[in-house]
Engineer: 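Please read through the structure below; I'll follow up with questions.
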Amino acid sequence: MKAAVTVFPGSNCDRDMKIALERAGFDVAMVWHKDDQLPDVDLVAVPGGFSFGDYLRCGAIAAKAPICRALAAHAERGGYVLGVCNGFQVLTETGLLPGALLRNAGLKYICRTAPLVVAESQSVFTRGYGAGDEIALPIAHHDGNYFADDATLDALEGAGRVAFRYGANPNGSARDIAGILSENRRVLGMMPHPERAAETAHGNEDGARLFAHLTQVLADA
Amino acid sequence: MKARVHVMLKTGVLDPQGEAVRHALGALGFEGVNGVRQGKVIELDLADGTKEPQIAQMCEKLLANTVIESYRIELL
(Lines give C-alpha, C1' and ligand atoms only; values in the text may rest on other atoms or scores of the structure.)
Protein backbone atom coordinates (compact mmCIF):
# COMPACT_ATOMS: atom_id res chain seq x y z
CA MET A 1 0.00 0.00 0.00
CA LYS A 2 1.20 3.42 -0.86
CA ALA A 3 0.39 6.74 0.73
CA ALA A 4 1.43 10.33 0.23
CA VAL A 5 1.48 13.00 2.93
CA THR A 6 1.12 16.58 1.71
CA VAL A 7 3.49 19.14 3.18
CA PHE A 8 2.70 22.86 3.24
CA PRO A 9 4.72 25.64 4.82
CA GLY A 10 3.47 25.47 8.41
CA SER A 11 2.42 21.80 8.42
CA ASN A 12 3.62 20.32 11.70
CA CYS A 13 1.95 16.91 11.98
CA ASP A 14 3.26 15.64 8.65
CA ARG A 15 6.01 13.50 10.12
CA ASP A 16 3.75 12.09 12.84
CA MET A 17 1.32 11.13 10.09
CA LYS A 18 4.11 9.51 8.08
CA ILE A 19 5.21 7.43 11.07
CA ALA A 20 1.66 6.32 11.89
CA LEU A 21 1.11 5.27 8.27
CA GLU A 22 4.45 3.48 8.08
CA ARG A 23 3.78 1.58 11.28
CA ALA A 24 0.50 0.42 9.75
CA GLY A 25 2.38 -0.87 6.70
CA PHE A 26 2.23 1.94 4.14
CA ASP A 27 5.08 3.09 1.95
CA VAL A 28 4.92 6.82 2.44
CA ALA A 29 6.03 9.62 0.13
CA MET A 30 6.09 13.24 1.30
CA VAL A 31 4.75 15.61 -1.35
CA TRP A 32 5.49 19.32 -1.39
CA HIS A 33 2.70 21.84 -1.94
CA LYS A 34 4.27 23.11 -5.16
CA ASP A 35 4.21 19.66 -6.78
CA ASP A 36 1.39 19.46 -9.27
CA GLN A 37 1.35 15.67 -9.43
CA LEU A 38 1.01 12.91 -6.90
CA PRO A 39 2.92 9.66 -7.07
CA ASP A 40 0.76 6.58 -7.69
CA VAL A 41 -0.79 6.11 -4.24
CA ASP A 42 -3.87 4.57 -2.64
CA LEU A 43 -4.19 7.20 0.06
CA VAL A 44 -3.34 10.87 0.40
CA ALA A 45 -3.13 12.22 3.94
CA VAL A 46 -3.42 15.94 4.57
CA PRO A 47 -1.80 16.56 7.95
CA GLY A 48 -2.37 18.99 10.79
CA GLY A 49 -0.56 22.22 11.38
CA PHE A 50 -0.93 25.84 10.40
CA SER A 51 -0.51 25.82 6.64
CA PHE A 52 0.50 29.25 5.37
CA GLY A 53 0.20 30.59 8.92
CA ASP A 54 -3.60 30.22 8.82
CA TYR A 55 -3.59 33.44 6.78
CA LEU A 56 -6.94 34.55 5.33
CA ARG A 57 -8.77 31.48 6.70
CA CYS A 58 -7.42 28.18 8.04
CA GLY A 59 -6.59 25.98 5.07
CA ALA A 60 -7.72 28.55 2.46
CA ILE A 61 -4.35 29.17 0.84
CA ALA A 62 -3.26 25.54 1.04
CA ALA A 63 -6.49 24.54 -0.71
CA LYS A 64 -5.37 26.55 -3.76
CA ALA A 65 -1.85 25.06 -3.87
CA PRO A 66 -0.89 23.04 -6.97
CA ILE A 67 -0.80 19.78 -4.99
CA CYS A 68 -4.47 20.24 -4.08
CA ARG A 69 -5.50 20.12 -7.73
CA ALA A 70 -3.79 16.72 -7.90
CA LEU A 71 -5.50 15.82 -4.61
CA ALA A 72 -8.93 16.69 -6.04
CA ALA A 73 -8.20 14.58 -9.14
CA HIS A 74 -7.13 11.68 -6.89
CA ALA A 75 -10.41 11.97 -4.94
CA GLU A 76 -12.44 12.15 -8.16
CA ARG A 77 -10.81 8.93 -9.34
CA GLY A 78 -12.08 7.29 -6.15
CA GLY A 79 -8.79 7.52 -4.26
CA TYR A 80 -8.74 7.61 -0.46
CA VAL A 81 -8.08 10.85 1.37
CA LEU A 82 -7.61 11.45 5.10
CA GLY A 83 -7.54 15.03 6.38
CA VAL A 84 -6.72 15.62 10.04
CA CYS A 85 -7.16 18.95 11.83
CA ASN A 86 -5.71 21.55 9.44
CA GLY A 87 -6.09 18.79 6.83
CA PHE A 88 -9.85 18.74 7.52
CA GLN A 89 -9.92 22.52 7.11
CA VAL A 90 -8.08 22.17 3.79
CA LEU A 91 -10.58 19.55 2.59
CA THR A 92 -13.56 21.80 3.34
CA GLU A 93 -11.81 24.73 1.63
CA THR A 94 -11.20 22.63 -1.49
CA GLY A 95 -14.87 21.62 -1.48
CA LEU A 96 -14.07 17.90 -1.19
CA LEU A 97 -16.07 17.93 2.04
CA PRO A 98 -19.06 20.16 2.84
CA GLY A 99 -19.25 22.80 5.56
CA ALA A 100 -16.54 24.87 7.19
CA LEU A 101 -14.59 25.07 10.44
CA LEU A 102 -15.14 28.23 12.44
CA ARG A 103 -13.35 29.67 15.44
CA ASN A 104 -14.04 27.59 18.59
CA ALA A 105 -17.18 28.86 20.31
CA GLY A 106 -15.19 29.49 23.51
CA LEU A 107 -12.54 31.39 21.50
CA LYS A 108 -9.73 29.43 23.10
CA TYR A 109 -7.20 27.13 21.51
CA ILE A 110 -7.99 23.69 22.93
CA CYS A 111 -5.32 21.04 23.42
CA ARG A 112 -6.50 17.94 25.26
CA THR A 113 -7.72 14.39 24.83
CA ALA A 114 -11.35 14.40 23.77
CA PRO A 115 -13.81 11.57 24.26
CA LEU A 116 -15.42 10.61 20.95
CA VAL A 117 -18.17 8.34 19.76
CA VAL A 118 -17.75 6.44 16.51
CA ALA A 119 -20.94 7.47 14.77
CA GLU A 120 -20.50 5.43 11.63
CA SER A 121 -18.52 2.24 11.12
CA GLN A 122 -19.34 1.78 7.42
CA SER A 123 -16.21 3.27 5.90
CA VAL A 124 -12.69 2.01 5.37
CA PHE A 125 -11.52 4.47 8.00
CA THR A 126 -13.95 3.52 10.75
CA ARG A 127 -14.68 -0.16 10.16
CA GLY A 128 -11.99 -1.06 12.66
CA TYR A 129 -14.33 0.36 15.30
CA GLY A 130 -17.94 -0.52 15.99
CA ALA A 131 -20.69 2.04 15.61
CA GLY A 132 -21.26 3.54 19.04
CA ASP A 133 -17.75 2.70 20.28
CA GLU A 134 -16.40 5.23 22.72
CA ILE A 135 -12.82 6.19 22.06
CA ALA A 136 -10.58 9.12 22.94
CA LEU A 137 -8.24 11.06 20.68
CA PRO A 138 -6.17 14.21 21.16
CA ILE A 139 -7.53 17.47 19.79
CA ALA A 140 -5.41 20.60 19.31
CA HIS A 141 -7.14 23.41 17.47
CA HIS A 142 -8.43 26.97 17.56
CA ASP A 143 -10.80 26.60 14.63
CA GLY A 144 -12.59 23.29 14.96
CA ASN A 145 -16.17 24.47 15.29
CA TYR A 146 -17.86 22.55 12.47
CA PHE A 147 -20.53 24.52 10.66
CA ALA A 148 -22.90 23.64 7.83
CA ASP A 149 -26.48 24.69 7.14
CA ASP A 150 -29.28 22.52 8.50
CA ALA A 151 -30.05 20.94 5.13
CA THR A 152 -26.41 19.86 4.74
CA LEU A 153 -26.29 18.54 8.31
CA ASP A 154 -29.52 16.59 7.78
CA ALA A 155 -28.13 15.15 4.55
CA LEU A 156 -24.86 14.14 6.25
CA GLU A 157 -26.70 12.45 9.11
CA GLY A 158 -29.25 10.83 6.80
CA ALA A 159 -26.53 9.27 4.68
CA GLY A 160 -24.47 8.07 7.66
CA ARG A 161 -21.65 10.44 6.78
CA VAL A 162 -20.91 11.64 10.30
CA ALA A 163 -17.91 9.49 11.21
CA PHE A 164 -17.12 10.77 14.70
CA ARG A 165 -18.94 12.88 17.27
CA TYR A 166 -17.59 14.52 20.40
CA GLY A 167 -18.67 12.92 23.66
CA ALA A 168 -18.60 16.37 25.28
CA ASN A 169 -18.67 19.12 22.67
CA PRO A 170 -15.48 21.14 23.22
CA ASN A 171 -15.78 23.74 20.46
CA GLY A 172 -19.40 24.39 19.54
CA SER A 173 -19.44 22.08 16.51
CA ALA A 174 -22.88 21.63 14.97
CA ARG A 175 -24.47 18.40 16.19
CA ASP A 176 -21.22 17.48 18.01
CA ILE A 177 -19.58 16.61 14.70
CA ALA A 178 -15.87 15.77 14.92
CA GLY A 179 -15.41 14.09 11.54
CA ILE A 180 -17.30 13.56 8.30
CA LEU A 181 -17.14 11.39 5.19
CA SER A 182 -17.54 12.28 1.54
CA GLU A 183 -20.46 10.95 -0.46
CA ASN A 184 -18.42 7.99 -1.75
CA ARG A 185 -17.12 7.47 1.84
CA ARG A 186 -13.51 7.53 0.67
CA VAL A 187 -12.64 10.97 1.99
CA LEU A 188 -12.57 11.48 5.76
CA GLY A 189 -11.98 14.82 7.46
CA MET A 190 -11.64 14.95 11.23
CA MET A 191 -10.40 17.44 13.81
CA PRO A 192 -9.06 14.85 16.34
CA HIS A 193 -5.59 13.43 15.73
CA PRO A 194 -5.48 9.63 15.29
CA GLU A 195 -1.75 9.84 14.47
CA ARG A 196 -1.11 11.16 17.99
CA ALA A 197 -2.68 8.07 19.54
CA ALA A 198 -1.05 5.41 17.46
CA GLU A 199 1.56 3.66 19.61
CA THR A 200 2.23 2.54 23.16
CA ALA A 201 4.50 5.49 23.87
CA HIS A 202 1.61 7.85 23.15
CA GLY A 203 -0.28 6.33 26.07
CA ASN A 204 -3.29 5.81 23.84
CA GLU A 205 -3.66 3.60 20.79
CA ASP A 206 -7.25 4.39 19.82
CA GLY A 207 -6.03 6.06 16.64
CA ALA A 208 -3.93 3.08 15.57
CA ARG A 209 -7.08 1.10 14.75
CA LEU A 210 -7.98 3.57 12.03
CA PHE A 211 -4.63 3.10 10.27
CA ALA A 212 -4.49 -0.65 10.90
CA HIS A 213 -7.90 -1.20 9.38
CA LEU A 214 -7.12 1.00 6.41
CA THR A 215 -4.04 -1.12 5.68
CA GLN A 216 -6.05 -4.30 5.99
CA VAL A 217 -8.77 -3.13 3.58
CA LEU A 218 -6.31 -1.84 1.01
CA ALA A 219 -4.27 -5.05 1.22
CA ASP A 220 -7.40 -7.10 0.52
CA ALA A 221 -8.47 -4.85 -2.38
CA MET B 1 -7.30 51.33 -9.49
CA LYS B 2 -8.19 50.08 -6.08
CA ALA B 3 -10.98 48.02 -4.71
CA ARG B 4 -11.97 47.18 -1.19
CA VAL B 5 -13.59 43.86 -0.36
CA HIS B 6 -15.62 43.55 2.82
CA VAL B 7 -15.97 40.00 4.09
CA MET B 8 -18.46 39.23 6.85
CA LEU B 9 -19.77 36.05 8.43
CA LYS B 10 -23.25 35.42 7.08
CA THR B 11 -26.27 36.19 9.21
CA GLY B 12 -27.01 33.13 11.29
CA VAL B 13 -23.37 32.06 11.55
CA LEU B 14 -22.26 32.52 15.15
CA ASP B 15 -19.47 35.07 15.51
CA PRO B 16 -17.81 34.30 18.86
CA GLN B 17 -15.18 37.02 18.33
CA GLY B 18 -17.86 39.65 17.80
CA GLU B 19 -19.60 38.41 20.94
CA ALA B 20 -16.38 38.73 22.94
CA VAL B 21 -15.95 42.30 21.67
CA ARG B 22 -19.56 43.08 22.63
CA HIS B 23 -18.95 41.81 26.18
CA ALA B 24 -15.76 43.85 26.44
CA LEU B 25 -17.56 47.01 25.35
CA GLY B 26 -20.18 46.33 28.00
CA ALA B 27 -17.42 45.87 30.60
CA LEU B 28 -16.01 49.29 29.61
CA GLY B 29 -19.35 50.83 30.46
CA PHE B 30 -20.70 51.35 26.94
CA GLU B 31 -24.38 50.64 27.24
CA GLY B 32 -26.76 49.60 24.53
CA VAL B 33 -24.34 47.70 22.32
CA ASN B 34 -26.79 45.05 21.21
CA GLY B 35 -24.57 43.21 18.81
CA VAL B 36 -21.09 43.17 17.29
CA ARG B 37 -20.11 41.36 14.11
CA GLN B 38 -16.46 41.28 13.17
CA GLY B 39 -15.29 40.92 9.59
CA LYS B 40 -12.35 41.57 7.31
CA VAL B 41 -11.46 44.33 4.91
CA ILE B 42 -9.17 43.42 2.02
CA GLU B 43 -7.73 46.18 -0.16
CA LEU B 44 -6.75 45.26 -3.69
CA ASP B 45 -4.40 47.30 -5.86
CA LEU B 46 -5.48 46.33 -9.36
CA ALA B 47 -4.50 46.96 -12.96
CA ASP B 48 -6.60 49.76 -14.43
CA GLY B 49 -9.68 48.47 -16.16
CA THR B 50 -10.16 45.43 -13.93
CA LYS B 51 -13.86 44.69 -14.07
CA GLU B 52 -16.04 44.04 -11.08
CA PRO B 53 -16.98 40.49 -12.21
CA GLN B 54 -13.27 39.62 -12.08
CA ILE B 55 -13.10 40.86 -8.51
CA ALA B 56 -16.21 38.86 -7.72
CA GLN B 57 -14.40 35.78 -9.05
CA MET B 58 -11.50 36.51 -6.71
CA CYS B 59 -13.97 36.67 -3.83
CA GLU B 60 -15.72 33.44 -4.82
CA LYS B 61 -12.50 31.52 -5.38
CA LEU B 62 -10.37 32.72 -2.50
CA LEU B 63 -11.14 35.88 -0.55
CA ALA B 64 -14.41 34.66 0.95
CA ASN B 65 -15.63 31.20 1.86
CA THR B 66 -19.22 31.50 0.70
CA VAL B 67 -20.28 28.59 2.89
CA ILE B 68 -19.92 30.89 5.89
CA GLU B 69 -19.12 34.36 4.57
CA SER B 70 -20.67 37.03 2.39
CA TYR B 71 -18.71 39.73 0.60
CA ARG B 72 -19.25 43.19 -0.74
CA ILE B 73 -17.05 44.88 -3.34
CA GLU B 74 -16.36 48.59 -3.19
CA LEU B 75 -14.57 50.19 -6.13
CA LEU B 76 -12.43 53.12 -5.01
Side-chain angles (χ1 to χ4, degrees), chain A residues 33 51-66 68-69 72 86 88-110 141-153 155-156 169-177 180 189, chain B residues 2-28 30 33-47 50-76:
Chain A
H33 68 108
S51 58
F52 295 92
D54 281 349
Y55 294 168
L56 192 63
R57 295 179 305 277
C58 301
I61 311 239
K64 311 302 170 190
C68 282
R69 286 196 288 275
N86 186 225
F88 185 13
Q89 295 162 342
V90 172
L91 294 181
T92 60
E93 283 283 345
T94 55
L96 287 176
L97 291 173
L101 294 139
L102 299 170
R103 180 56 43 102
N104 292 342
L107 288 171
K108 290 207 167 66
Y109 182 90
I110 306 169
H141 59 247
H142 208 162
D143 299 76
N145 178 352
Y146 184 73
F147 173 88
D149 58 39
D150 283 333
T152 305
L153 293 169
L156 285 172
N169 195 331
N171 54 22
S173 284
R175 304 190 192 177
D176 304 328
I177 289 172
I180 56 167
Chain B
K2 291 196 174 179
R4 196 174 284 149
V5 174
H6 301 257
V7 180
M8 293 295 294
L9 283 173
K10 286 179 176 171
T11 315
V13 178
L14 180 74
D15 177 7
Q17 293 183 94
E19 267 303 283
V21 172
R22 187 177 69 82
H23 280 291
L25 288 171
L28 285 171
F30 292 104
V33 181
N34 298 322
V36 175
R37 305 281 288 170
Q38 185 181 312
K40 280 180 248 205
V41 175
I42 301 167
E43 286 191 345
L44 302 169
D45 191 348
L46 299 161
T50 306
K51 298 278 184 278
E52 191 163 333
Q54 261 178 291
I55 305 169
Q57 284 269 305
M58 295 178 200
C59 294
E60 294 281 337
K61 286 190 172 172
L62 181 65
L63 302 181
N65 177 345
T66 55
V67 173
I68 47 171
E69 294 168 327
S70 59
Y71 62 86
R72 182 167 60 80
I73 298 164
E74 186 189 350
L75 297 175
L76 302 176

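Just so it is clear: chains get the letters A, B, ... in the order the sequence lines come, proteins before strands, and each one is counted from 1.
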Engineer: Is any side-chain heavy atom of Leu14(B) closer than 4.5 Å to a side-chain heavy atom of Leu102(A)?
Structural biologist: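 Not in contact.
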Engineer: Would you mind reporting whether Phe147(A) and Leu101(A) have side-chain heavy atoms less than 4.5 Å apart?
Structural biologist: no
Engineer: Where on Leu56(A) is there a heavy atom nearer than 4.5 Å to chain B: the side chain, the backbone, both, or neither?
Structural biologist: both
Engineer: When you compare the side chain of Glu52(B) with that of Leu75(B), does any pair of heavy atoms fall below 4.5 Å?
Structural biologist: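 Of all side-chain heavy-atom pairs linking Glu52(B) with Leu75(B), at least one is under 4.5 Å.
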Engineer: Of the non-hydrogen atoms in Ile110(A) and Pro170(A), which two are nearest, and what is the gap between them?
Structural biologist: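 The pair with the smallest heavy-atom distance is CD1-O, 3.1 Å.
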Engineer: For a quick test of reading the model, state the closest non-hydrogen atom pair linking Gly172(A) to Ala105(A) and the distance between them.
Structural biologist: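 Nearest heavy atoms, Gly172(A) then Ala105(A): CA-CB, 3.9 Å.
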Engineer: Quick one: donor-acceptor pairs between chain B and chain A, under 3.5 Å, side chains and backbone, table format.
Structural biologist:
| unit_1 | atom_1 | unit_2 | atom_2 | d |
| --- | --- | --- | --- | --- |
| Lys40(B) | NZ | Leu56(A) | O | 2.4 |
| Lys61(B) | O | Lys64(A) | NZ | 2.9 |
| Leu62(B) | O | Arg57(A) | NH1 | 3.0 |
| Leu62(B) | O | Arg57(A) | NH2 | 2.9 |
| Leu63(B) | O | Arg57(A) | NH1 | 3.0 |
| Asn65(B) | ND2 | Glu93(A) | OE2 | 3.2 |

Engineer: With heavy-atom distances below 4.5 Å as the criterion, would you say the side chains of Leu63(B) and Leu44(B) are in contact?
Structural biologist: yes
